[in-house]
Amino acid sequence: MALTISATNTELPLPVNNMLMSTFLRNAASRAPYFLGTMPGEITRNGGTATVKWRRIDNLSAATTALGELQGNASYMQGRSSAALAVTDVTATVAKYGNFVIMNETVDKFEPQGQFDAIMKVIGINAGQSLNQVQRNTAEDSQTIVRVAGASDGAVNSKITIASIKSVINTLTKNSARTFFPMTNGSQNVGTGPQLPAFIGICHPDVAIDVAGLTGFTSVETYAGQVATYLGEFGSIGVAGLAVRFCLTEDASVDANAGAAVGSTGCRSTGGSNIDLYSVPIYGMDAIGTVGFGQRYPDGSFMAGDDLGPVDIIVKGLGSGGTSDPYDEITTVAWKAWHASAVLNAAFGRTIRCSAATL
């Protein structure tokens, strides 16, 4: 008779060795650059909702009218008018993601001692890539598109240009988007260059080659010794006092054959007829919100009202399957995560659509 498996939210994971958990988290987080600079959201266990809420407080209007000198009797607020706060709540519903592997008893009895640590590394990479790609879709698809050339994807026939990056920097600046780091000064004594206040840009390795060839590009090694760098960061491009610091990831999507005809463009094409298109999200602080890969990780024990950790590791030992594992031969290792993301301020981000040069 087939074993019936029902969905349950009451499973109690076995304790996970701290060193193995560290291996998992280290490998997971290192595969998730699309979480860089995003505003973390929280969801609580037994909180009665699967909805995450981020609160955005918009900038105040400039105060350009001089205050008059106080005269006469004192009164409430001295006749001053207060500024109105513009508060916007952005919500998203979390969804559950996960994967697992099955191992038989030989992993414990006959394999080298470090085998389980290696398995945790693979599980961690899988979790990081999975959530990174889910988060990528929000960054690439939910922001205003800036095409390098043409009014539609089918008309785009160029790799990324310095003009398109300048256009995005200019737009974000006019929209008062905040940068992630202040300006730093370089030193000729140690061979470093200055770094401008910067937004974050994320691109595919194919596009990264083109970015590195643009006028004004500064390679990361010229400033890495004086500022903290991002995961996958390879350099920056600055203009008019602001910059974009670019990070590369192989998880960036490629839309095969979605652009204009290849012709003499010298651009990449999967099918040989139309060029491939890439998306390059560029955004400032508080532009995007995420749930997952925060600073707090689960210890396996929760109380009502506790924040859920971004990722759970669930290990079912030999014999835990009961009658479905009559010889105590099967162990499973799974990761499970709750994730949601949303654009919090559409004015603080743009996504460049471009092709990439054939190498």
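Residue numbers run from 1 in the order of the sequence given.
One finds the CZ atom of F199 at 9.0 Å from the CZ atom of F348 (value rounded to the nearest 0.5 Å). Taking OG of S176 as the reference point, atom NZ of K174 lies at 11.5 Å (rounded to 0.5 Å). Note that CG of N132 is 8.5 Å distant from CG of L36, once rounded to the nearest 0.5 Å. S158 OG to R147 CZ: the interatomic distance, rounded to the nearest 0.5 Å, is 14.0 Å. Rounded to the nearest 0.5 angstrom, L344 CG and S341 OG are separated by 9.5 Å. With rounding to the nearest 0.5 angstrom, the OG1 atom of T88 is 8.0 Å from the CG atom of N345.
Hydrophobic clustering of Ile, Leu, Val, Met, Phe, Trp and Tyr side chains at less than 4.5 Å, counting indirect connections, keeps I145 apart from V254. In this structure, I330 is a member of the same hydrophobic cluster as F100, with clusters built from ILVMFWY side-chain heavy atoms closer than 4.5 Å. Side-chain heavy atoms closer than 4.5 Å link hydrophobic residues (I, L, V, M, F, W, Y) into clusters, and following such links, even through other members, never connects V239 to Y223. Criterion: ILVMFWY side-chain heavy atoms under 4.5 Å apart, direct or through other members. Under it, V134 and V343 are not part of a common hydrophobic cluster. Cluster annotation: F180 is not connected to L242 through the hydrophobic network of ILVMFWY side chains, with a link wherever side-chain heavy atoms come within less than 4.5 Å.
Between V122 and N126, every side-chain heavy-atom pair lies at or beyond the 4.5 Å cut-off. Between T351 and V146, every side-chain heavy-atom pair lies at or beyond the 4.5 Å cut-off. Put simply, the side chain of V244 does not reach to within 4.5 Å of the side chain of I200, judged on heavy atoms. Within the 4.5 Å cutoff, the side chain of V211 has heavy atoms near those of the I160 side chain. Looking at S130 and W335, their side chains come closer than 4.5 Å, going by heavy atoms from C-beta outward. Contact check for P281 versus Y34: side-chain heavy atoms found under the 4.5 Å cut-off. Residues I202 and F246 fail the side-chain proximity criterion, which asks for heavy atoms closer than 4.5 Å. Counting heavy atoms from C-beta on, the side chains of Y97 and W338 never come closer than 4.5 Å.
Cluster partners of I275, using a side-chain heavy-atom cutoff of under 4.5 Å among ILVMFWY residues and allowing indirect links, are V156, V262, L277. In the hydrophobic clustering, where aliphatic and aromatic side chains (Ile, Leu, Val, Met, Phe, Trp, Tyr) are joined below 4.5 Å either directly or transitively, I209 groups with L359.
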- request: Run the numbers on S164 and S167 for side-chain hydrogen bond (donor to acceptor under 3.5 Å, both in side chains), then give the verdict.
  value: CA-CA 5 Å; S164 62; S167 173; over 6 Å; no
field: Full working for side chain to side chain contact (heavy atoms under 4.5 Å, CB included) between V101 and V333
entry: CA-CA 6 Å; V101 296; V333 180; 4.2 Å; yes
field: Derivation and outcome, side chain to side chain contact (heavy atoms under 4.5 Å, CB included), residues N257 and S269
entry: CA-CA 6 Å; N257 311 311; S269 173; 3.6 Å; yes
field: Q129 vs E250, side chain to side chain contact (heavy atoms under 4.5 Å, CB included): CA-CA, chis, key distance, verdict
entry: CA-CA 10 Å; Q129 287 183 326; E250 67 274 19; 4.1 Å; yes
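With sequence neighbours left out, T229 forms a side-chain hydrogen bond (donor to acceptor under 3.5 Å, both in side chains) with no residue at all. Take S219 and apply the side-chain contact (heavy atoms from CB on, under 4.5 Å) test, not counting sequence neighbours, and it matches F217, E221. Taking T144 as the reference, R350 meet the side-chain contact (heavy atoms from CB on, under 4.5 Å) condition, with sequence neighbours excluded. For E233, the salt bridge (Lys or Arg N to Asp or Glu O under 4.0 Å) partners two or more places apart in sequence, or in a different chain, are R245. In this view, D286 and R178 satisfy the salt bridge (Lys or Arg N to Asp or Glu O under 4.0 Å) rule, not counting sequence neighbours. Qualifying salt bridge (Lys or Arg N to Asp or Glu O under 4.0 Å) partners for D141, counting only residues two or more places apart in sequence or in other chains: none. The side-chain hydrogen bond (donor to acceptor under 3.5 Å, both in side chains) check on Y278 picks up D206, with sequence neighbours excluded. In this structure D325 satisfies the side-chain hydrogen bond (donor to acceptor under 3.5 Å, both in side chains) test with no other residue, sequence neighbours excluded.
Remark: the backbone N or O of A258 is not paired with any side-chain donor or acceptor of N274 at under 3.5 angstrom. Side chain of D153 to backbone of G259: no donor-acceptor contact under 3.5 angstrom is found. Remark: the backbone N or O of D276 is paired with a side-chain donor or acceptor of S355 at under 3.5 angstrom. No side-chain donor-acceptor contact under 3.5 Å links N175 to the backbone of A177.
The nearest pair of heavy atoms linking A208 to F234 is CB-CZ, 3.6 Å. The two residues D328 and L318 come nearest to each other via the heavy atoms O-CD2, 3.5 Å. Shown here for I237 and I169, the closest heavy-atom pair between the two residues is O-CD1, 4.1 Å. In plain terms, the two heavy atoms of F35 and V291 that are nearest each other are CE2-O, 4.0 Å. Across all non-hydrogen atoms, the minimal contact from C354 to V148 is CB-CG2, 3.4 Å. Contact between S279 and R353 at its shortest, heavy atoms only, is OG-NH1, 2.9 Å.
The stretch residues 337-347 participates, sequence neighbours left out, in no salt bridge (Lys or Arg N to Asp or Glu O under 4.0 Å) pair at all. Residue pairs meeting the salt bridge (Lys or Arg N to Asp or Glu O under 4.0 Å) criterion with at least one partner in residues 157-170, sequence neighbours excluded, are absent.
R268 and T358 share no side-chain donor-acceptor pair at under 3.5 Å.
A side-chain hydrogen bond (donor to acceptor under 3.5 Å, both in side chains) with D251 is found for exactly one of Q133, R136, Q135, H204, namely Q133.
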